[in-house]
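Working notes for the structure below.
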Amino acid sequence: MAGPAFIDTLVDIVGPTHVLTSEDLTSSYVRDWTGRFVGSTYAVVRPGNVDEVARVMAACETAGIPVVPQGGNTGLVGGGVPRSGEIVLSLTRLDTIGRVDVHARAVTVGAGATIAAVQHHAAQAGLDYAVDLASRGSATVGGTIATNAGGLRVMRFGATRSQVLGVEAVLSDGRVIRHLDGLVKDNTGYDLGGLLCGSEGTLAVVTAARLRLVPQRPEVAVALVGFASVGSAIAAAGEWSGAVDGVEAIEFMTASGIELVGRHLNLPPPFPVTPPALLLVEAAGRVDPTAALAEVVAGTQGVGEVAVAGGPADRGRLWRYREAHTEAINLEGGQTTPPHKLDVTLPQGSLAQFVEEVPAVVASVAPAAHTWLFGHAGDGNVHVNVTGVVGDGDEVDDAVLTLVASHGGSISAEHGIGTAKVRWLHLNRSATELEVFRSLRDAFDPSGILNPSVLVPR
Ligand code: MLT
Ligand code: ZN
C-alpha cells in the first residue's frame with residue numbers, strides 16, 4: 001500500500017492541493033451517489049492534464065499501487081469508488097472543450113468535461129451531443145465512456161460508443177495512446193476507442209475523446225400518456241418506436257413511481273387520477289412533430305389521459321416526473337437501506353411479462369422490500385430499483401438477474417457491471433468470453449493495477 005514517500009511522489013507530480021488525504025476531503029470520492037457502495041482510500045489524486053495522468057500511472061505501476069479512475073462519481077454499480085483501498089484518480093480537472101468542427105460535426109473534449117458542458121458548447125455551434133441523461137450536470141465524458149452510458153435518447157442515436165470517434169488514454173504504465181483525428185472512415189486496425197467504451201476503467205484511463213455531434217432538432221414535442229395496464233403501455237412503446245418520425249425517447253413509469261416522486265419532491269400529480277402505467281414520449285426535428293405525435297397517440301389502444309407539453313417549461317415539468325425517479329427512490333431508501341439498482345434490458349417481446357413478474361419475484365425473497373420500475377421502454381431498458389432490502393441483499397439481485405437471463409435479457413443495459421454485478425456476469429457471458437476479457441485486461445494492464453475489483457476482478 002501507499003506510504004508517505006509515495007504521497008510525496010504524487011505531490012511532486014500534481015502539486016499539494018491536488019493530493020487529498022484527509023477523510024473530510026476524500027469522503028465524497030469514496031462513496032457512490034446512492035450510498036450503497038462505500039470504500040476508503042489513502043489518497044485522491046487530481047491531475048490537471050494528460051502528462052500528469054501519465055506520470056501518476058507510471059508511479060503507481062512502479063510502486064504496485066492499485067488505482068480507481070473516477071469522473072463525476074455518478075456511477076450506480078460500485079465501479080468508480082475504491083472498494084479495496086485503491087487510490088482514486090479523479091479526472092474532473094481535465095475539462096477542456098475544443099473548438100467545434102461544424103463541418104465534421106465533431107469536437108474533442110477532456111475526460112472531465114460534463115455532458116451538460118459539452119451539450120452547451122455544441123449548442124453554440126448549432127449542434128448537439130446526443131448522449132443525454134438526468135445526471136448530465138455531473139456525469140463526465142470519461143465516466144460515460146467507461147460505462148458506455150446510454151440515457152434518454154439511445155433509441156434514436158445509440159449509446160456512448162456510437163458517439164466516440166476516437167480517444168486519448170493512458171495505459172497503466174504511463175504510456176499514452178492517442179487517436180483523435182475522427183476520420184469518418186478509418187479502418188486502420190483495432191478500434192481501441194470502441195473497446196474502451198464499457199471497459200469500466202479496467203484497460204486504460206481515458207483522458208480525452210473525439211465526439212460525434214448531431215444537428216439540433218429545434219421543434220420538440222413531449223407528451224405524458226396514461227395507460228390502464230403495464231402491458232398496453234409496453235405494447236405502445238414498441239409501436240411508437242417505428243411510427244413517430246424523430247422519436248427520441250419513450251420512457252416508462254408506474255403510478256407508484258409517480259406517487260413516490262410527488263411525495264418526496266413535492267410535485268403535484270400530473271392527472272386527477274394517476275393511471276397504472278405511463279409513457280413519456282419525446283419527438284424532435286426540424287418540423288414540429290406535435291400533430292404527428294398526437295395522432296399516433298390518439299390511435300393507440302389502451303391510451304387514457306394525455307398531457308401534451310405546451311412549451312419548453314411545460315416539457316421540463318413533464319420530464320421532471322421521470323428524471324426525479326432516481327432522487328426520490330434514493331430518498332425512500334434512506335441511509336440505512338440504499339436502493340439496489342438493477343439496470344437491465346429485455347427483448348421487446350418479453351418486456352411486459354418481465355415487468356409484471358418482477359415485483360412478485362422480489363417479494364418472494366425479500367417480503368419487506370418494495371420494487372420500483374421505470375426506464376427507457378423505447379429500447380427495452382427497465383430500471384428495477386428495490387428499496388427496503390436488509391443486509392447485502394444478494395438474494396434480491398440474484399432473483400431479478402436470473403429472471404432477466406431466463407427471458408434472454410441483459411443483466412446490464414447501460415450502467416455497467418462494476419463491482420455490484422460481477423457475480424452474475426456469467427449469466428450473459430460464456431466462460432470463453434470471460435477468458436478473453438481477462439486476456440484483454442492482462443494485455444492492457446499486465447501489472448493489474450487498474451480498477452482491479454470490477455468487471456472481471458483480478
Ligand atoms: C435513469 O435512467 O434515470 C438512470 O439510468 C439512473 C437510474 O437508473 O436511477
Ligand atoms: Zn437509465
Side-chain angles (χ1 to χ4, degrees), residues 32-37 71-80 114-116 130-140 143-161 198 200 224 237 248-254 256-258 260-261 264-265 267 278-282 316 318-334 337-346 351 355 358 370-387 389 396-397 400-401 404 409-418 420-421:
D32 85 320
W33 192 86
T34 65
R36 184 175 167 213
F37 302 106
N73 197 11
T74 57
L76 295 168
V77 286
T114 65
I115 298 304
V131 172
D132 192 29
L133 61 183
S135 56
R136 60 184 75 77
S138 317
T140 61
T144 51
I145 288 176
T147 53
N148 185 29
L152 305 168
R153 301 175 184 156
V154 170
M155 60 181 299
R156 181 159 186 183
F157 298 110
T160 299
R161 188 178 286 119
E200 303 192 40
L224 182 64
E248 306 206 334
I250 305 177
E251 297 292 312
F252 171 74
M253 291 169 277
T254 66
S256 59
I258 296 280
L260 185 79
V261 164
H264 282 294
L265 302 170
L267 293 187
L278 303 96
L279 293 180
L280 180 76
V281 55
E282 175 164 314
L318 295 184
W319 266 107
R320 180 97 177 106
Y321 290 108
R322 165 61 184 86
E323 294 203 329
H325 268 64
T326 303
E327 194 181 346
I329 290 166
N330 240 36
L331 290 167
E332 179 75 2
T337 62
H340 281 232
K341 298 186 76 73
L342 299 161
D343 151 56
V344 300
T345 332
L346 279 296
L351 188 56
V355 167
V358 73
H370 190 98
T371 304
W372 309 95
L373 297 165
F374 63 103
H376 316 289
D379 48 46
N381 178 186
V382 55
H383 296 308
V384 181
N385 282 207
V386 186
T387 53
V389 178
V396 170
D397 299 12
V400 174
L401 300 179
V404 169
S410 165
I411 65 159
S412 174
E414 57 173 7
H415 294 172
I417 296 300
K421 291 182 178 170

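Both counts, for ligands and for their atoms, begin at 1 and track the order of listing.
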Quickly, which of Asp397, Thr387, Thr371 forms a side-chain hydrogen bond (donor to acceptor under 3.5 Å, both in side chains) with His340? Name it, please.
Asp397

Step-by-step salt bridge (charged side-chain N to carboxylate O under 4.0 Å, His left out) determination, Arg156 to Glu282:
CA-CA 11 Å; Arg156 181 159 186 183; Glu282 175 164 314; over 6 Å; no

Contact atoms of ligand 1, heavy-atom distance to Thr326 under 4.0 Å
3 (O), 6 (C), 7 (C), 9 (O)

Within this structure, what is the CG-CD distance for the pair Leu152 and Glu323, rounded to the nearest 0.5 Å?
5.5 Å

Check the angle between the aromatic planes of His415 and His383 and answer parallel, tilted or perpendicular using the 30° and 60° thresholds.
parallel

What are the atoms of ligand 1, with element, lying closer than 4.0 Å to any heavy atom of His383?
1 (C), 2 (O), 4 (C), 5 (O), 8 (O)

Any donor-acceptor pair under 3.5 Å linking the side chain of Asn385 with the backbone of Trp372?
no

Near the Zn ion (ligand 2), protein N/O/S count under 2.8 Å comes to 3

Ser135 side-chain N/O to Ser138 backbone N/O, donor-acceptor pair under 3.5 Å
no

Numbering the atoms of ligand 1 from 1, which are under 4.0 Å from a heavy atom of Lys341?
7 (C), 8 (O), 9 (O)

Under 3.5 Å side-chain donor-acceptor pair for Glu327 and His264:
no

Out of all atoms in ligand 1, which are within 4.0 Å of some heavy atom of His376? Include the element for each.
2 (O)

Judged by modelled atom types alone, do Glu414 and His376 share a side-chain donor-acceptor pair under 3.5 Å?
yes

Could you name the option among Glu327, Arg322, Glu414 that has the heavy atom nearest to atom 3 (O) of ligand 1?
Arg322

Under a 4.0 Å N-O cut-off, is there an ion pair linking Arg36 with Asp32?
no

Taking Val344's backbone N and O only, do any of them form a donor-acceptor pair with Asn381's side chain (distance below 3.5 Å, no angle check)?
yes

Give the contacting part of Leu76 toward ligand 1: side chain, backbone, both or neither, where contact means a heavy-atom distance below 4.0 Å.
side chain

Under 4.0 Å, counting heavy atoms only: does His415 come that close to any atom of ligand 1?
yes

Is ligand 1 less than 4.0 angstrom away from at least one heavy atom of Leu133?
no

If you measure from each heavy atom of Glu251 to ligand 1, is any distance below 4.0 Å?
no

